[in-house]
Amino acid sequence: MSYEGDKIGVDLEKHPNAKRFVERCKEFINEVQNLTPGHELEAYLNKNYGPGNEFYEDFCSYIRRAVREDEGWVATIEMDGPKYRRSKVALPNEDTKYLSITTVYMDSQEEYSGQYHQHPYGEINCVIQFDETAELKGMQGWQGAGWTSPGPGTHHYPQVRGGALVALFFLPAGRISYSANEADPQPPYL
């Protein structure tokens, strides 16, 4: 299942902070453009681009401010009420090395599962906490502040626990599939 908001990006001329944010994302993408999503990239990102890294801190600053001040460009489409929202910030294009940039806001103290999906080409996902106890479940387990990177062909429910966070994710070619089943086998490299 797709949603109309998945087909359009944010109007960057209308939202100057979103425009600055996308420019910063492009700088990050230029640094990681030749790396393949998966558990090795996840470990690499957490070691080299985690909390304290300028990119990570800048992403957190832009996203937290946009949500707190309701700037209208982060996770604006309700999926399951106000505690589970998403939006495309930028569609894949030459400037983003054909990665889409998407934000998903999730908020739950108890384990909460979003919409089941598959990553045909993998995903690079920056976990931005609003509550320091908030965690997102990736393919390698629960992750607080830092990164997850599901590899190509993986599928799961996005899950949150311990509070609010934004999953800022970069999808190669913007590819995501909502037709996967829990019973489908995971790729053998997991």
Side-chain angles (χ1 to χ4, degrees), residues 1-10 18 21 25 37-39 41-42 45 59-60 63-64 66-67 70-92 96 98-131 133-187 189-190:
M1 179 184 298
S2 65
Y3 296 86
E4 192 60 34
D6 289 339
K7 299 173 187 168
I8 56 173
V10 170
F21 170 74
C25 287
H39 66 276
L41 178 57
E42 182 171 316
L45 291 171
F59 294 161
C60 289
I63 296 295
R64 287 179 183 139
V67 169
D70 194 18
E71 292 180 0
W73 60 271
V74 171
T76 58
I77 301 166
E78 289 189 7
M79 305 302 296
D80 185 20
K83 293 189 175 220
Y84 179 38
R85 312 184 306 256
R86 77 170 176 230
S87 62
K88 286 265 181 41
V89 177
L91 300 175
T96 64
Y98 297 97
L99 293 169
S100 63
I101 303 170
T102 304
T103 55
V104 174
Y105 176 87
M106 298 178 82
D107 182 4
S108 181
Q109 287 299 319
E110 304 301 318
E111 284 186 25
Y112 171 82
S113 297
Q115 188 178 17
Y116 202 82
H117 65 276
Q118 180 182 42
H119 319 101
Y121 301 143
E123 175 182 81
I124 300 172
N125 184 7
C126 183
V127 181
I128 299 169
Q129 297 171 307
F130 282 77
D131 298 308
T133 54
E135 295 178 298
L136 182 73
K137 190 170 187 182
M139 302 308 295
Q140 307 306 314
W142 291 98
Q143 175 69 52
W147 298 84
T148 68
S149 185
T154 57
H155 47 92
H156 69 141
Y157 286 101
Q159 292 178 289
V160 67
R161 69 180 183 190
L165 57 78
V166 165
L168 161 64
F169 59 95
F170 304 90
L171 290 171
R175 290 289 311 277
I176 190 165
S177 171
Y178 297 104
S179 61
N181 283 296
E182 284 182 79
D184 293 343
Q186 293 286 356
Y189 56 80
L190 278 183

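- Not counting sequence neighbours, the partners of E182 by the side-chain hydrogen bond (donor to acceptor under 3.5 Å, both in side chains) test are Y157.
- Annotation: side-chain hydrogen bond (donor to acceptor under 3.5 Å, both in side chains) contacts of W73 (sequence neighbours excluded): E71.
- For the pair Q186 and H155, the tightest heavy-atom approach, listed with the atom from each and the gap, is NE2-O, 2.6 Å.
- Residue pairs that meet the salt bridge (charged side-chain N to carboxylate O under 4.0 Å, His left out) test with at least one member in residues 140-151, sequence neighbours left out, do not exist here.
- When all heavy atoms of S149 and E123 are compared, the pair lying nearest together is OG-O, 2.9 Å.
- The shortest distance between side-chain heavy atoms of S108 and K83 does not fall below 4.5 Å.
- In this structure, G144 and Q129 approach most closely via the heavy-atom pair CA-NE2, 3.6 Å.
- Put simply, the side chain of I63 reaches to within 4.5 Å of the side chain of T103, judged on heavy atoms.
- Shown here are the side-chain hydrogen bond (donor to acceptor under 3.5 Å, both in side chains) partners of D80, two or more places apart in sequence or in another chain: Y112.
- Residues Q115 and R86 bring a donor and an acceptor atom of their side chains to less than 3.5 Å of each other.
- For the atom pair CE (M106) and OH (Y84), the distance works out to 5.5 Å, reported to the nearest 0.5 Å.
- Looking at residues two or more places apart in sequence or on another chain, you find a side-chain contact (heavy atoms from CB on, under 4.5 Å) between P82 and E78, R85.
- Residues meeting the side-chain contact (heavy atoms from CB on, under 4.5 Å) test with N181, sequence neighbours left out: D184.
- Within the model, atoms CD of Q118 and OG1 of T154 stand 7.5 Å from one another, a figure rounded to the nearest 0.5 Å.
- In this structure A164 satisfies the side-chain contact (heavy atoms from CB on, under 4.5 Å) test together with Y105, D107, F130, D131, sequence neighbours excluded.
- For the atom pair CG (L168) and SG (C25), the distance works out to 5.5 Å, reported to the nearest 0.5 Å.
- Among all heavy-atom pairs drawn from G138 and T148, the shortest one is CA-CG2, 4.0 Å.
- Under the ring pair (Phe, Tyr, Trp, His ring centres under 6.0 Å) criterion, H156 pairs with H117, H119, sequence neighbours left out.
- Listed by chain and residue number, Q159 satisfy the side-chain hydrogen bond (donor to acceptor under 3.5 Å, both in side chains) test with S113 (two or more places apart in sequence, or in another chain).
- For the atom pair S177 OG and Y116 OH, the distance stands at 10.5 Å (nearest 0.5 Å).
- Applying the ring pair (Phe, Tyr, Trp, His ring centres under 6.0 Å) test to F169 and every residue at least two apart in sequence or in another chain returns nothing.
- L99 is linked by a side-chain contact (heavy atoms from CB on, under 4.5 Å) to I29, F170, P172, counting only residues two or more places apart in sequence or in another chain.
- Of all the heavy atoms in L171 and G122, the pair that sits closest is CD2-O, 3.7 Å.
- Within the 4.5 Å cutoff, side-chain heavy atoms of I128 are placed close to those of F59.
- In this structure, the side chains of V160 and L165 come closer than 4.5 Å at one or more pairs of heavy atoms.
- At a threshold of 4.5 Å between non-hydrogen side-chain atoms, the residues V74 and V89 do not count as touching.
- Listed by chain and residue number, E111, E135 satisfy the salt bridge (charged side-chain N to carboxylate O under 4.0 Å, His left out) test with R161 (two or more places apart in sequence, or in another chain).
- When all heavy atoms of G174 and S100 are compared, the pair lying nearest together is CA-OG, 3.3 Å.
- In this structure the side chain of L91 reaches within 4.5 angstrom of the side chain of K88, judged on heavy atoms.
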